[in-house]
Amino acid sequence: QVQLVESGGGMVQAGGSLRLSCAVSGRPIASYTMAWFRQGPGKEREFVAVWWWRGTTTYYADSVKGRFTVVRDNAKNMMYLQMNSLKPEDTAVYYCATDTEHPSTFKIAYVAVAREYDYWGQGTQVTVSP
């Protein structure tokens, strides 16, 4: 059974940093696409970042590009989201997710869509104060 558990959320002032962790059991993350999504208050779940299953391809939402970095530790079967220069608009519950499929071609329209992911963690709250 695949399980994902996020941790590392908290409260931080604008301009600060946090590192989120996603512990995965039941599948080797090195062989599957792993992603981060977030859902702010009153908003729909939105894509943040992805590490594609093949190679080292990563992709970020424009809103976090240059500030967030997704890191994968295959030996520990962990994925991380390093978040720097945080803004109040980054306030959200952050989720990690994994996709069972192995598409042959990297498509943003696919990896950035929440419904394409089969397994999700419970989420961790990030709150950024002005």
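As the structure is a prediction and not an experimental result, all values here were calculated from the model. The first residue in the sequence is number 1, and the count goes up from there.
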Please list, one pair per line, the donor and acceptor atoms closer than 3.5 Å that link side chains of residues 12-30 to other protein atoms, with sequence neighbours excluded.
from, atom 1, to, atom 2, distance (Å)
Ser17, OG, Asn84, OD1, 3.0
Arg27, NH1, Thr98, OG1, 3.1
Arg27, NH2, Thr100, OG1, 2.8

Can you tell me if Glu44 has over 12 outside heavy atoms packed within less than 6.0 Å of its CD? no
To the nearest 0.5 Å, how far apart are CD in Gln3 and CD in Gln122? 10.0 Å
Show which residues join Trp52 in its hydrophobic cluster (side-chain heavy-atom contacts under 4.5 Å, direct or indirect), or state none. Phe37, Phe47, Val50, Trp53, Tyr59, Val93, Tyr95, Phe106, Ile108, Tyr110, Val111, Tyr117, Trp120
Considering non-hydrogen atoms only, spot the tightest contact between Val70 and Tyr60 and give its length. N-OH, 2.8 Å
Please report the interatomic distance CD(Glu89) to CZ(Arg38), rounded to the nearest 0.5 Å. 8.0 Å
Do Asp73 side-chain atoms and Lys76 backbone N/O form a donor-acceptor pair below 3.5 Å? yes
Roughly how far, to the nearest 0.5 Å, is CG of Leu86 from CZ of Phe68? 5.0 Å
Let me check something: do Tyr119 and Met34 share a hydrophobic cluster, defined by ILVMFWY side-chain heavy atoms less than 4.5 Å apart, either directly or through other members? yes
Non-hydrogen side-chain atoms of Glu46 and Gln39 separated by less than 4.5 Å: no
Just by distance, do the side chain of His102 and the backbone of Thr33 share a donor-acceptor pair under 3.5 Å? no
Donor-acceptor pair, distance only, cut-off 3.5 Å: does the side chain of Thr91 make one with the backbone of Val128? yes
Can a donor-acceptor pair be found, under 3.5 Å and without considering hydrogens, that links the side chain of Glu6 to the backbone of Gly123? yes
Taking atom NZ as the centre, does Lys65 end up with more than 12 heavy-atom neighbours from other residues, nucleotides or ligands that are less than 6.0 angstrom away? yes
State plainly whether one hydrophobic cluster holds both Met78 and Val126, where clusters connect Ile, Leu, Val, Met, Phe, Trp and Tyr through side-chain heavy atoms under 4.5 angstrom apart. no
Is there a side-chain contact between Met79 and Val71, using heavy atoms and a 4.5 Å cut-off? no
Heavy-atom donor-acceptor pair, Thr127 side chain to Met11 backbone, under 3.5 Å: no
Salt-bridged, Asp90 to Lys87, with N to O below 4.0 Å? no
Do Tyr94 and Leu81 come within less than 4.5 Å of each other through their side chains, counting heavy atoms only? yes
